[in-house]
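One structure is given below, encoded as C-alpha cells.
Below, chain A is the first sequence line, B the second, and so on; all start at residue 1.
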Amino acid sequence: MRVSRFLLSTVRETPAEAETVSHKLMLRAGMIRKLAAGIYTWLPLGLRALRKVEAIVREEMNRAGAQEVLMPAVQPAELWQESGRWDRYGPELLRLKDRHQRDFCFGPTHEEVITDLIRREIKSYRQLPANFYQIQMKFRDEIRPRFGVMRAREFLMKDAYSFHINEASLGETYQVMHATYSRIFQRVGLEFRPVAADTGAIGGSHSHEFHVLADSGEDAIAICSKCEYAANVEMAQALPPMGKRPAPGQPMQAVDTPGKHSIEEVSRFLKIDPKRTVKTLLVKGTGGVIALVLRGDHELNEIKAAKLPQLAKPLVFVTPGEVELAAGCEPGSIGPVGLKIPVIADESAARLADFVCGANLNGKHLVNVNWGRDATEPVVADLRKVVEGDPCPDSGKGQCGGTLSIRRGIEVGHIFQLGTKYSEAMQATVLDEAGQSVVMPMGCYGIGVSRVVAAAIEQNHDDNGIIWPDAIAPFQIALVPIGYGKSEKVRETVDKLYGELVHAGFDVLLDDRDERPGVIFADMDLIGIPHRLVLGDKWLAKGAIEYKGRRDKAPREVPLDQTIPFLGAQVKK
RNA sequence: CGGGGUGUAGCUCAGCCUGGUAGAGCACUUGCUUCGGGAGCAAGGGGCCGGAGGUUCAAAUCCUCUCACCCCGACCA
C-alpha cells in the first residue's frame with residue numbers, strides 16, 4: 001500500500017476525550033473515530049489490525065474443530081422471554097420495536113439464538129459434540145462506555161457455543177478451548193494469563209478468564225512465581241499461615257490511643273508492626289450484626305465475604321450509628337474482646353497471639369490480646385485479599401513453593417461451562433444411545449476481538465506511539481524513501497523493492513508522500529509499524545539499505561540485495 | 001443511575017467574570033525556499049459560539065430549559 005493512496009489520518013494533538021494510552025494512540029494513529037458514546041468507526045489502518053486478530057482467531061477456532069456460523073444481530077424478544085433473560089438482562093439490553101410494534105433486541109450475546117438453532121437442527125447424540133462460533137458485532141448498552149474500543153457499546157466479539165451429550169464431553173471441549181485460547185493469544189503476541197474466575201451468576205463448574213497483562217488493566221490478578229497458578233484477586237485463595245498459634249505471653253492491657261483510628265495511626269503511635277494488629281469490621285448478617293476480623297495489614301475481600309452463609313446477601317457495612325449500638329464506640333476503636341455479636345476472623349488474624357485491637361471504647365486500644373484467653377475463639381474463614389508475597393495456593397496440586405505477585409490485567413477472553421442453564425430453559429434435547437431424550441450441556445467461549453487490539457497497544461507502546469506485535473501489525477514493514485519526489489534513482493529503486501517485497505508476501509506501507517523525513521518517521525513510529533526500511537541516495541551509493549526494528553535503539557545496514565532474506569528472518573509470521 | 005465537569009474552525013484551546021465587528025496554534029489550499037526526527041515565509045479557505053426560549057438598544061458572554069460528550073463509582077469481551 002502506498003501512503004498517497006491510503007487514509008493515513010494521524011493527528012499530533014491528543015483529542016481531549018481520550019484517557020488511556022490505547023484510546024489516545026488509536027485516535028492519534030487514525031485507527032478509529034468516534035460516532036457516538038462507545039460507538040466507533042474503524043478506519044482502514046485500524047481495521048487492518050482488527051482483521052489480523054480476527055484471522056488468527058478464526059484459524060485457531062477452525063483448527064479446534066469449531067464451525068463458523070453467522071447469526072443475526074437483531075433478535076426477536078420471544079427467544080429472550082423463553083430463556084427468561086428479557087426481564088433479567090436489564091437496561092444493558094438494547095431493545096427496539098419493528099413497524100408492527102413487535103419487540104426485538106440488538107444481540108449482546110447469542111446463547112438464545114444458537115440454542116434455538118441447535119434444538120431444531122441436532123437430533124441425535126451422533127452429531128455431538130459440536131462447537132459453533134461466529135465473529136460478529138455485539139451491542140451492550142453499557143452504563144458507562146469508556147477507554148475507546150476497550151469498553152465500547154458496539155464491539156467485535158468471537159463467541160462460540162458447544163453442545164454435548166454429557167458433562168464429560170463438555171469438560172473435554174472446555175480443555176480444547178482453553179488450549180485454543182492460549183494458542184490464539186500466543187500467536188497474537190501478547191503476554192497473557194488464563195485466570196481462574198468466579199462462575200458467579202452464570203453458574204456451572206468451571207470458568208477461566210484470559211487476561212492480557214498491562215499496568216493499565218482494570219483487574220488485579222494474582223500470579224505465581226513458580227507454577228501456572230493465576231487467579232483474579234477476588235478469587236485467589238489465601239492460605240492459612242504455617243505452624244501453630246503461639247502461646248499467650250504478656251497479660252492484656254488497655255492503652256490510651258487518643259484520636260488514633262486507622263491501623264496506620266494506631267501502629268505508628270504504639271510503634272508496632274501493623275501485622276501485630278487486627279481490624280474489626282461490622283457487617284450485616286442474616287440475624288444481626290456480625291464482626292469480621294482481619295490482620296491490620298490485610299484487606300477484606302468482599303467477594304469472599306459475601307459468600308459466607310452467616311452474612312446478608314449483598315455485603316453491607318453497618319452505619320456508624322449501628323456500630324455505636326453494637327460495640328459501644330466509634331468505628332475506629334472496635335475490637336473482638338467482649339463483643340456480644342458473632343465474630344468471624346480471617347485465618348491470619350486468628351493465628352495471631354499478643355495482638356493489638358480496639359477496646360470498644362473511644363480513644364483506647366488493647367495490647368497483648370489473645371484469642372481464647374481474652375476474646376472468644378472466633379469462627380475462622382478465608383476473608384482477605386491475597387497480597388504480594390503470599391504463598392501460592394497452587395491450584396490444589398500440592399506445594400509448588402512459589403509466591404504470588406499481583407499484576408494488572410485486561411480481560412480479553414472468557415470461557416464457561418454453562419451446563420444446562422439455557423438448554424433446559426429452551427428444551428434443547430437430543431436422543432441418546434438408548435433412545436432417551438437428554439438435555440444437552442453447553443459451553444460458551446468468548447473473545448473480545450476489538451478489545452484485543454486495544455489491549456495489544458496497552459501492553460506495547462512507547463512515547464512515540466504504538467509498537468505492534470508482528471502478527472497483528474496493520475503493516476509489517478514501513479518503506480521510507482528519502483527524496484522520493486526528487487531523485488529518479490531513489491524512486492526507481494524503491495518502487496522496484498516495494499514490488500519485490502509485496503511479491504514476497506510482506507504487508508508493506510510505502511510512504512511516497514512529499515513530506516520531510518521527520519514527519520514520515522514520526523508517523524511510522526506513531527502507527528507502530530514493527531519494521532522500517534529507509535532508502536536514500538547516500539544508501540544507494542553503498543548498495544545498502546537501512547533497517548530499524550520499532551524497538552531497536554539504532555538502525556543497521558543491510559546490503560540492498562539481501563533485503564528480502566534479511567526481512568524473512570526478522571519478521572515473525 | 002448518583003457525583004463532578006465540558007460544549008467556540010477538522011484538532012487543541014483562548015475569549016465569557018465586567019454584554020458592543022469571533023480569535024490563536026496545529027491541520028487544510030496556493031506559491032517560494034527547505035529536506036534524516038512533526039520546517040520557514042507569504043497569501044488564502046473554513047464558525048448559526050451544541051440547541052431552544054428569555055433579559056437587553058445589543059448576547060459566545062447574563063438567566064431558564066434542553067441535548068450531547070467527558071471524568072469518578074457498581075457491570076462486562
Quantified in whole Å, what is the [atom1] atom distance between nucleotide [N] and nucleotide [M]?
| N | M | atom1 | answer |
| --- | --- | --- | --- |
| B:G40 | B:A58 | C1' | 43 Å |
| B:G46 | B:C11 | C1' | 14 Å |
| B:C16 | B:G3 | P | 30 Å |
| B:G45 | B:A39 | C1' | 23 Å |

Counting side-chain heavy atoms from C-beta on, which of [options] comes nearest to [X]?
| X | options | value |
| --- | --- | --- |
| A:Val519 | B:U12, B:G38, B:C35 | B:G38 |
| A:Arg151 | B:C72, B:C69, B:C76 | B:C76 |
| A:Asp523 | B:G38, B:U12, B:G36 | B:G38 |
| A:Ala522 | B:C35, B:C75, B:G38 | B:G38 |
| A:Ile143 | B:G36, B:G73, B:A77 | B:G73 |
| A:Phe521 | B:G36, B:A77, B:C71 | B:G36 |

Base [N] to side chain [X], donor-acceptor N/O within 3.5 Å cut-off:
| X | N | result |
| --- | --- | --- |
| A:Asp525 | B:G37 | yes |
| A:Glu546 | B:G36 | yes |
| A:Arg516 | B:U34 | yes |
| A:Arg513 | B:G38 | no |

Below 4.0 angstrom, N of the basic side chain to O of the carboxylate: do A:Asp215 and A:Arg407 qualify?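 No, this pair does not count.
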Output yes when A:Arg85 and A:Glu111 qualify as a salt bridge under the 4.0 Å nitrogen-oxygen rule, no when they do not.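 Yes, A:Arg85 and A:Glu111 are salt-bridged.
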Within the 4.0 Å heavy-atom criterion, would you say [X] contacts the bases, only the backbone, or no part of the nucleic acid?
| X | answer |
| --- | --- |
| A:Val412 | sugar-phosphate |
| A:Ala455 | nothing |
| A:Asp159 | nothing |
| A:Met150 | base |
| A:Arg532 | base |
| A:Arg28 | base |
| A:Thr14 | sugar-phosphate |

Strictly under 6.0 Å, is that where the ring centroids of A:Tyr422 and A:His110 end up?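 They do not qualify: ring centres at least 6.0 Å apart.
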For [X] and [Y], which I'm curious about, is there any donor-acceptor pair between the side chains at under 3.5 Å?
| X | Y | result |
| --- | --- | --- |
| A:Arg551 | A:Asn460 | yes |
| A:Ser22 | A:Glu458 | yes |
| A:Gln134 | A:Asp159 | yes |

Check whether any side-chain nitrogen or oxygen of A:Lys34 sits under 4.0 Å from OP1 or OP2 of B:C70, and answer yes or no.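 The answer is yes; a side-chain N or O of A:Lys34 sits under 4.0 Å from OP1 or OP2.
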Under 4.0 Å between a side-chain N/O of A:Arg146 and OP1 or OP2 of B:G73, yes or no?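 A:Arg146 to B:G73 OP1/OP2: side-chain N or O found under 4.0 Å.
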Does anything in residues 442-453 of chain A reach RNA chain B, meaning a heavy atom under 4.0 Å, and if so which residues?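 The stretch gives A:Gly448, A:Arg451 as the residues lying under 4.0 Å from the strand, ordered by number.
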Rounded to whole Å, please give me the gap between [atom1] in [X] and [atom2] in [N].
| X | N | atom1 | atom2 | value |
| --- | --- | --- | --- | --- |
| A:Leu93 | B:C76 | CG | P | 15 Å |
| A:Arg144 | B:C72 | CZ | C1' | 6 Å |
| A:Phe317 | B:G73 | CZ | P | 17 Å |
| A:Arg491 | B:C35 | CZ | P | 19 Å |
| A:Leu526 | B:C11 | CG | P | 18 Å |
| A:Glu54 | B:A77 | CD | C1' | 14 Å |
| A:Ile39 | B:C69 | CD1 | C1' | 13 Å |

Within 6.0 angstrom of A:Lys496 NZ, more than 12 heavy atoms from elsewhere: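 Not buried by this count: 12 neighbours or fewer within 6.0 Å.
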In terms of the angle between their ring planes, are A:Tyr445 and A:Tyr174 parallel, tilted or perpendicular, with boundaries placed at 30° and 60°?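 It falls in the tilted class, 30° to 60°.
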Under 5.5 Å and under 30°: A:Phe155 stacked on B:A77: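 Per 5.5 Å and 30° rule: yes, stacked.
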I'd like to know whether A:Tyr547 forms a side-chain hydrogen bond (donor to acceptor under 3.5 Å, both in side chains) with A:His531, so could you lay out the CA-CA distance, the side-chain angles of the two residues, the decisive distance to 0.1 Å, and finally the verdict. CA-CA 7 Å; A:Tyr547 167 84; A:His531 306 277; 2.6 Å; yes
